[in-house]
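Naming: A, B, ... by sequence-line order, numbering from 1 per chain.
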There are 2 protein chains.
Amino acid sequence: MRMTRQRRIILDELRKTKDHPTADMLYQSVRRHLPRISLGTVYRNLEILAEAGMIRKLEFGGASRMRFDATVSRHSHIRCVACGRIDDFPLDPDLNPEEYTAGINGYEVLGYNLEFYGRCPACKAKVK
Amino acid sequence: MRMTRQRRIILDELRKTKDHPTADMLYQSVRRHLPRISLGTVYRNLEILAEAGMIRKLEFGGASRMRFDATVSRHSHIRCVACGRIDDFPLDPDLNPEEYTAGINGYEVLGYNLEFYGRCPACKAKVK
DNA sequence: ATAGCTGCAAACGGTTTGCAAAGTG
DNA sequence: CACTTTGCAAACCGTTTGCAGCTAT
């Protein structure tokens with residue numbers, strides 16, 4: 001993977017923030033350094049960086065826009081139902097979800113979503 | 001809430017399936033009963049039914065399309081990464097996510113997503 | 001040198017909406 | 001009868017893509 005000016009600055013800008021920005025927010029801040037960059041380039045690079053495992057793509061339930069995260073190590077998120085703000089917080093593999101309720105980052109915890117992914121019986125049979 | 005023919009049939013069709021259909025899939029099956037219904041009407045009614053708590057709207061991470069579920073009681077989902085199929089399964093509040101791995105519905109479990117929602121410190125202060 | 005990347009602008013696809021007519025309670 | 005809902009079609013909006021020229025390696 002080439003490290004173009006655009007790619008480098010996109011990555012830098014994402015790493016500067018803890019905000020889990022959308023592609024468009026990132027576009028705005030990258031533009032301060034590269035006024036002629038296009039939104040398409042931002043999308044393309046975010047996709048490539050995510051595939052390379054250098055960033056994470058978040059498709060948070062309830063939010064229609066994609067968000068991006070420069071922290072790739074294992075962690076979870078909490079989202080404010082009122083303002084949409086998303087914060088990181090560490091995931092403890094020994095805790096069940098109910099046990100986190102003792103206030104995460106000062107949030108009033110209202111609930112959680114737990115969803116699994118895997119391979120269904122049919123696809124398991126096919127690919128293996 | 002009025003129970004129009006359209007609304008009733010949309011609800012019936014959704015209840016008939018365990019497939020977590022998209023709006024468009026539902027539109028196709030409703031059309032067999034009401035050939036002149038429009039996709040816009042399907043969306044409007046799904047929204048209204050969800051607000052009334054009669055159905056659930058799923059915005060599954062990784063899937064760009066909304067899905068709908070006539071089962072409103074507490075349960076979780078598992079999605080096949082290969083074919084996109086989504087199955088229900090019961091949530092046990094005493095288990096931590098790692099402990100579900102012993103095969104859900106015959107799936108090979110690859111991982112899970114756990115995300116919390118609530119009110120952030122700022123919004124908590126504001127609204128209260 | 002040359003594959004990969006960029007800016008631009010148009011296309012895409014799921015969802016939403018304005019409107020006049022029809023239907024519900 | 002008053003008010004909601006419908007069908008239609010166009011608008012919306014975040015994201016993707018085709019293309020011709022540019023750039024990192």
Open item on the list: Under 4.0 Å, counting only non-hydrogen atoms across every strand here, what does I37(B) touch: a base, just sugar-phosphate, or nothing?
Closed with: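 Here I37(B) touches the backbone only, sparing every base.
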Task: Close approaches to DNA chain C from residues 7-32 of chain A, in residue order (heavy atom, under 4.0 Å) - done: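 Within this stretch, R7(A) sit under 4.0 Å of the strand.
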Open item on the list: Side chain of S38(A), heavy atoms from C-beta onward: which of dT15(C), dG7(D), dG7(C) has the nearest atom to it?
Closed with: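 The answer is dG7(C).
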- [ ] Look at the side-chain heavy atoms of Ile, Leu, Val, Met, Phe, Trp and Tyr, link any pair under 4.5 Å apart, and say whether Y100(B) and V81(B) land in one connected group.
- [x]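 Shared cluster, no.
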Task: Angle by which the axis turns from one end of the helix from dA1(C)-dT25(D) to dG25(C)-dC1(D) to the other, five pairs per end, to 10 degrees - done: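 End axes: 40° apart.
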Task: Per-nucleotide protein contact string for nucleotides 19-25 of chain C (B base, S sugar-phosphate only, - none; heavy atom under 4.0 Å) - done: ----BBS
Task: Qualifying ring-ring contact (aromatic ring centres under 6.0 Å, His included) pairs, either residue in residues 26-53 of chain A, two or more places apart - done: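 Every candidate ring-ring contact (aromatic ring centres under 6.0 Å, His included) pair involving residues 26-53 of chain A fails, so no pair, neighbours aside, qualifies.
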Open item on the list: Listing request: all salt bridge (charged side-chain N to carboxylate O under 4.0 Å, His left out) pairs with a residue in residues 29-49 of chain A, at least two apart in sequence or in separate chains.
Closed with: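 Listed by first then second residue: E47(A)-K57(A).
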Task: Ion pair D87(A)/R85(A), N-O distance below 4.0 Å - done: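 R85(A) and D87(A): salt-bridged.
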Task: NZ/NE/NH1/NH2 to OD/OE distance under 4.0 Å, E108(A) and K124(B) - done: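 Salt bridge: no.
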Open item on the list: Can you tell me how the ring of F116(B) sits relative to the ring of Y112(A), calling it parallel under 30°, perpendicular over 60° and tilted otherwise?
Closed with: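 Judged by the thresholds at 30° and 60°, the geometry between F116(B) and Y112(A) is tilted.
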Rounded to the nearest angstrom, tell me the gap between atom [atom1] in [X] and atom [atom2] in [N].
X	N	atom1	atom2	answer
L46(B)	dT5(D)	CG	C1'	15 Å
N45(A)	dT15(D)	CG	C1'	15 Å
L39(A)	dA9(C)	CG	P	13 Å
R65(A)	dT15(C)	CZ	C1'	15 Å

Is there a side-chain contact between [X] and [Y] (heavy atoms, below 4.5 Å)?
X	Y	value
S76(A)	P90(A)	no
R8(B)	D12(B)	yes
M54(A)	V72(A)	no
T22(A)	M66(A)	no
E115(B)	R79(A)	no

- [ ] Could you say whether I48(A) or Y43(B) is positioned toward the 5' end of DNA chain C, judged by the nucleotide with the nearest heavy atom to each?
- [x]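 Here I48(A) is the residue nearer the 5' end.
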TODO: Could you please spell out the steps behind the side chain to side chain contact (heavy atoms under 4.5 Å, CB included) verdict for T71(B) and K18(B)?
DONE: CA-CA 9 Å; T71(B) 306; K18(B) 291 185 167 173; over 6 Å; no
- [ ] Under 4.0 Å from any atom of DNA chain D, heavy atoms only: list the residues of residues 51-58 of chain A that qualify, in numerical order.
- [x]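 Listed by number, there are none.
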Open item on the list: Quick check: closest heavy atoms across L14(A) and I55(A), and the distance to 0.1 Å?
Closed with: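 Taking L14(A) first and I55(A) second, the nearest heavy atoms are CD2-CG2, 3.7 Å.
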